[in-house]
Amino acid sequence: MLIDAATVREVDAPAPTLREPRVLDLESRAWLDGLQAAGAERDEAVARLRQLLLRAARFELGRRRGQLAQLRDPDVDDLAEQCADDACVAVLARLDDFRGASRFTTWAYKFALLETASEVRRLAWRGREVPLEPEAWEPLAGGSSPADDAEQRELLAVIRDAVATELTPHQRDVLVALAVNGVPIDVLAERLQTNRNALYKTLHDARRKLRAQLAERGLTP
C-alpha cells in the first residue's frame, strides 16, 4: 500500500508559496543528484535508496514483531521487501517535495517506517470485523472526584446525543470507528474503499459539529 500525499510532511519548515531554492547539505544533495540522474548513475542511487528503506522496514518489523505472531520468519522477510518497494516508489515520486529541513536519509527513512507500520496494522486487522457502532462509551467517562464524574457523564450524554442526531451516517461511522473503537485509519480507509485524506476530512467535520453542539450548551470537551 503506497503512502498517500499527506502521510509524510516535513513539519520543521513552512511550505513556501513559491518553490524556493533548496539549500542542502552535501550528502542530501548527492542523493538528489543521483536519484534525478539518468542511466547507471540513477540505477545505483535507487539501489542504495532501496537498501536504506529495507533496513528501515526490517527495523520496524522487528519492533512490531509481537503483532505478527501469525507470520513465519520468511513471510516477515517478504513483507519487509514489499514495504521497502512501496516506500521506494513513494520516495521517488516525491523527490520534489524534499526541502532539506532534515537530512535526505532521515526524510526517506520515514516513508519506510510509516509504510511498514501501516502494513502491520492492516495485517493485525485482517479477518476482523471493523466496528462502526460504539463499543465502549461508558469507559470514556470517569473523573477524579464524584463532581468530575458527574460532569463527564453529562458531557458524554451530550456527545452521544450529538453523534446520533447531528452527524451524517458516514461521519458517525468514521468518528465512532476511529475515535471510540480505535480502528486504525488505514484499515478503515481500506474497508470503506477510500483514502486517509478523505477520512481525516470527515473526522475533522464531525468534530467541528460536535464542538459546536457543546458550545451551544455551555460545555467544553
Side-chain angles (χ1 to χ4, degrees), residues 1-65 67-68 71 73-126 184-201:
M1 181 179 66
L2 296 182
I3 300 173
D4 60 78
T7 300
V8 178
R9 292 189 177 95
E10 291 182 75
V11 297
D12 51 347
T17 303
L18 299 176
R19 189 168 295 278
E20 300 171 351
R22 292 174 290 187
V23 180
L24 306 179
D25 61 274
L26 293 179
E27 181 185 1
S28 296
R29 180 75 268 169
W31 271 105
L32 278 187
D33 289 345
L35 293 170
Q36 293 174 332
E41 182 180 356
R42 182 178 186 275
D43 291 343
E44 180 183 351
V46 170
R48 289 192 296 114
L49 173 64
R50 190 185 179 284
Q51 286 302 309
L52 171 74
L53 300 177
L54 182 58
R55 290 195 298 273
R58 286 172 173 165
F59 169 82
E60 189 66 12
L61 287 174
R63 198 173 68 86
R64 296 173 179 267
R65 189 65 177 91
Q67 302 175 48
L68 299 170
L71 294 184
D73 287 344
D75 295 328
V76 175
D77 290 339
D78 289 343
L79 181 60
E81 298 281 351
Q82 172 193 327
C83 291
D85 285 341
D86 289 346
C88 190
V89 171
V91 170
L92 293 175
R94 300 197 58 198
L95 290 178
D96 287 342
D97 292 343
F98 177 65
R99 299 193 303 276
S102 62
R103 295 167 69 92
F104 177 84
T105 49
T106 301
W107 180 78
Y109 203 86
K110 294 177 184 178
F111 281 82
L113 296 181
L114 291 168
E115 179 64 41
T116 305
S118 174
E119 286 298 318
V120 170
R121 288 192 294 268
R122 290 177 65 247
L123 285 173
W125 278 80
R126 179 176 291 174
I185 193 168
D186 39 2
V187 171
L188 186 62
E190 182 181 58
R191 300 293 176 88
L192 297 183
Q193 297 183 333
T194 183
N195 58 65
R196 294 166 59 103
N197 290 344
L199 291 182
Y200 279 129
K201 176 63 165 58

Look up atom CG in D75 and atom CG in L61, then write down how far apart they are to the nearest 0.5 Å.
11.5 Å
To the nearest 0.5 Å, what is the distance between CH2 (W107) and CZ (R99)?
10.0 Å
Name all residues meeting the salt bridge (charged side-chain N to carboxylate O under 4.0 Å, His left out) criterion together with D33; count only those two or more places apart in sequence or in a different chain, and write none if there are none.
R29
Evaluation steps, side chain to side chain contact (heavy atoms under 4.5 Å, CB included), between F59 and T116
CA-CA 9 Å; F59 169 82; T116 305; over 6 Å; no
Taking NZ, NE, NH1 and NH2 as the nitrogens, is one of them in E81 or R58 under 4.0 Å from a carboxylate oxygen of the other?
yes
Please confirm whether the backbone N or O of L35 pairs with a side-chain atom of R42, one donor and one acceptor, at under 3.5 Å?
yes
Q36 versus D96: any side-chain heavy-atom pair under 4.5 Å?
yes
To the nearest 0.5 Å, tell me how far L188 CG sits from R191 CZ.
9.0 Å
Can you give me the closest heavy-atom contact between L95 and L32, atom names plus distance?
CD2-CD2, 4.0 Å
Reported CG-to-CZ distance for the pair L92 and R50, which is rounded to 0.5 angstrom
11.5 Å
Grab the two heavy atoms, one from C88 and one from V46, that are nearest each other, plus how far apart they are.
SG-CG1, 4.2 Å
To the nearest 0.5 Å, what is the distance between SG (C83) and CG (L114)?
11.0 Å
Taking the inter-plane angle between the rings of F104 and F98 on a 0 to 90° scale, is it parallel (under 30°), tilted (30 to 60°) or perpendicular (over 60°)?
perpendicular
What's the shortest heavy-atom distance between S28 and S102, and which atoms?
OG-O, 4.4 Å
Rounded to the nearest 0.5 Å, what's the gap from CD on E119 to CG on D86? Could you check?
6.5 Å
Residue pair A80 / A57: nearest heavy atoms and the distance that separates them
O-CB, 3.7 Å
Residues in side chain to side chain contact (heavy atoms under 4.5 Å, CB included) with T105, at least two apart?
E27, W31, L52, R103
Side chain to side chain contact (heavy atoms under 4.5 Å, CB included) partners for E41, two or more places apart
A37
